[in-house]
Number of protein chains: 2
Amino acid sequence: MRQKRVTLSDVAREAGVSRTTASFVLSHQDSKRISADTQDRVWEASRKLGYRPNLAARSLRVNSTMTIGMISDRIAATQYAGEMVRGAIEAATRTGRVLLIAETEDESADGAEHIDAMLDRQVDGLIYGSMYTREVEPPVSLRSVPHVFLNCLPPGNDGPAVIPDEAEAGRLAAATLLDAGHTDRVYYIGGRHLTADKPGGIFAGHERARGIAEAFAARGLSLAGTAECEWVPPEGYRVAREVLRTDLPPTALICANDRLALGAYQALQESGFSIPGDVSVVSFDDSELAAWMRPALTSIALPHYDMGAKAVELVLGNQREAAVHRCPMPCSTRESVARPR
Amino acid sequence: MRQKRVTLSDVAREAGVSRTTASFVLSHQDSKRISADTQDRVWEASRKLGYRPNLAARSLRVNSTMTIGMISDRIAATQYAGEMVRGAIEAATRTGRVLLIAETEDESADGAEHIDAMLDRQVDGLIYGSMYTREVEPPVSLRSVPHVFLNCLPPGNDGPAVIPDEAEAGRLAAATLLDAGHTDRVYYIGGRHLTADKPGGIFAGHERARGIAEAFAARGLSLAGTAECEWVPPEGYRVAREVLRTDLPPTALICANDRLALGAYQALQESGFSIPGDVSVVSFDDSELAAWMRPALTSIALPHYDMGAKAVELVLGNQREAAVHRCPMPCSTRESVARPR
DNA sequence: CTGAAAGCGCTAACAC
DNA sequence: GTGTTAGCGCTTTCAG
């Protein structure tokens, strides 16, 4: 196996020129320095021999491996965040680059050893990502190379970052219901995701809640209520039932994610409420679940693909300013919203 | 940025030895050739300077980059197949290696240009994967490096491959119901996944169907029927309704995947059948959906993580024989199976 | 026990 | 226009 690769010397010999000349022709294809005839001979030899440059060798000279690294807690195997990897891969491929990938599997790890492993391989840049939006504490070694934070923010924002525009998404969710005529009996289910291990809630929860509140306030209105709970189906079920029993039963629900909406659907259907006839539902994440639910769920997507691609573009652009890029979250309109009765 | 890295020469100078000696100490740490005192000085200098070897430079000499490549149609961002990436990453990391990743985004592409990109970067091995089990037609360039097929099979099986043991999973699904006492009114929903663009069906469909049939045959029994349809929720709903209307209504359903089971649940509940009281359900994939459904669905998992890890192990072991490794598919037993009334 | 020297495949001043 | 030469950072014979 692994038979000897064709080297530049082989090409040069075949074409009857020096390595220098061959290198010049093959790298700076625009260069008018070399005679057209020689150029042809070199290209011909290269083609004939099936020459491919050894990038490892080249990188020793030019200090660029055309490789960028991506480190995260756990993006690749994650339900939707995996799209970030895809976006990154495609953006990298588009420019002839390849992605080196590593995961810590543990959100409390800082990935220092993975960063070292990539630095040892001379990556041109590093993407430091997280599966859900949060603040991170990156190791200092990250600073020795161009980098961008993906779906996370460093303390003090001292580095370019790409995150979803959650607040705007919150406004959009609210506007979707407000525009349909739901004004005074809208509940937000899920809240800030206050749980035992994250008593302060999570970024998406805070921002979505904020955006929703702002949209209502902008029209001089307010939510009928917010139910804090963990963002899983059984909680959606439980909390929706509670809300249905209040004095002011909802005409619409904003669910913090599709899983909650799944639970809420169960509660609504069980209690004989029709969707969207009696109660409209809007949600976040736009997972494939949303398309399968009956009626299909209107949901606001996390722009993971775009975020991954944007991160690569920034790192390649050698972004120096510590700007935070917020990617818009598009709404997939389906059948779960109607005018109130 | 990118300040000069510390090189071996720096360490040697600091320790007052030659590059040769420093290299010997730092690489072949067992070597008793160098005096203990010198070794200490070199290690000390290395630590003090924060030396890290330049792997690109090293690879030029030793012909190993400690990097392995993974090419696929679209694994990373796929719902569950992403676990293959995770398994591969972890197996690679365990041996100090890093994973280079690329995707074609298109299952009809053979990824030749991605293979070249990785070959140019001198990967030690290549994993050629697919998001769902199928036959592939890899480019010949793949042969120039140790490789293994992940979740796919080359024509003629001329290369080591790792695939899920679907037939055994079929037997397991059937046995689960047979052992619970369901003998003559069991239907298999989904069949071989005969669709417009894949009129021949897919590997998983054929193998699951075969395993199920074998398990029944082994006990002198047979399925009450098989419903061929696409493996999506609406079809599960439609087909389950049809089956419920037959002369011999089911006491149990085997669904080819969890999405079909979701649809089947809707049909069963709508028709007033209780699960598992009236009808038991077993499914395949063990997606997170399975745990959320009510009652929670017993489902047989695709061992994606194990497959990814196994592929890396094989490629590192420089597997030469064209063996096909079948990974066992474990059953997640939940609440959807009971004895028939 | 240690160091000099060659060379992995490539690029880029600088000479001719 | 083209070739000579040095060198990127590392490993590894081979002498001493």
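Heavy-atom basis, side chains included; hydrogens, waters and symmetry copies ignored.
- Exactly one residue among B:R121, B:Q122, B:R97 makes a side chain to side chain contact (heavy atoms under 4.5 Å, CB included) with B:T65. That residue is B:Q122.
- Considering only side-chain atoms of B:F24, the nucleotide from D:dT12, D:dC10, C:dT11 that sits closest is D:dT12.
- By the neighbour-count criterion of 12 heavy atoms within 6.0 Å, atom NZ of B:K198 is densely surrounded, having more than that number from other residues, nucleotides or ligands.
- Computed from coordinates, the B:L26 CG to D:dT11 P distance equals 8 Å when rounded to whole Å.
- With rounding to whole Å, A:D40 atom CG is found 15 Å from D:dG1 atom P.
- Comparing A:S23 and B:G16 against DNA chain C, the residue whose closest nucleotide sits nearer the 5' end is B:G16.
- With D:dC10, D:dT2, C:dA12 as the candidates, the nucleotide lying closest to the side chain of A:T21 is D:dT2.
- The CG-P distance, from A:L8 to C:dG9, rounds to 11 Å in whole Å.
- Regarding B:D10, its CG atom lies at a distance of 11 Å from the P atom of D:dC8, rounded to whole Å.
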So A:K48 and A:D10, salt bridge (charged side-chain N to carboxylate O under 4.0 Å, His left out) or not? Walk me through it. CA-CA 11 Å; A:K48 177 176 166 199; A:D10 297 330; over 6 Å; no
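- Below the 3.5 angstrom threshold, one finds a donor paired with an acceptor across the side chain of A:R61 and the base of D:dG7.
- Rounded to a whole Å, the CG atom of B:N63 is 17 Å from the P atom of D:dC10.
- Nucleotide C:dG9 holds its P atom 18 Å from the CZ atom of B:R121, rounded to whole Å.
- Closest approach to the A:S35 side chain among C:dA5, D:dG1, C:dC10 is made by D:dG1 (side chain taken as heavy atoms from C-beta onward).
- When rounded to the nearest whole Å, the span between CG of B:N54 and C1' of D:dC8 equals 9 Å.
- Looking only at distances, a side-chain donor or acceptor of B:D73 sits under 3.5 Å from a matching main-chain atom of B:M131.
- Within 4.0 Å of A:T7, counting heavy atoms only, lie sugar-phosphate atoms of the nucleic acid but no base atom.
- A donor and an acceptor atom sit less than 3.5 Å apart, one in the side chain of A:T20 and one in the base of D:dT4.
- When each of A:R19 and A:T38 is assigned the nucleotide of DNA chain D with its nearest heavy atom, A:T38 is the one assigned upstream, toward the 5' end.
- At C:dT11, one or more side-chain N or O atoms of A:R58 fall inside 4.0 Å of OP1 or OP2 (strictly under the cut-off).
- When each of D:dG7, D:dC10, C:dA4 is scored by its nearest atom to the side-chain atoms of B:A57, the top-ranked nucleotide is D:dC10.
- Side-chain N/O atoms of B:S18 and base N/O atoms of C:dA4 include no donor-acceptor pair closer than 3.5 Å.
- In this entry the distance linking CZ of A:R13 with C1' of C:dG9 reads 13 Å, nearest Å.
- Checked against D:dC10, D:dT11, C:dT11, the side chain of B:Y51 finds its nearest nucleotide in D:dC10.
- In this structure, the side chain of A:D124 engages the main chain of A:M66 through a donor-acceptor pair within 3.5 Å.
- The A:L60 side chain lies nearest to D:dC8 when the options are C:dC10, D:dC8, D:dC10.
- With salt bridges taken as basic N to acidic carboxylate O contacts below 4.0 Å, none links B:E44 and B:R41.
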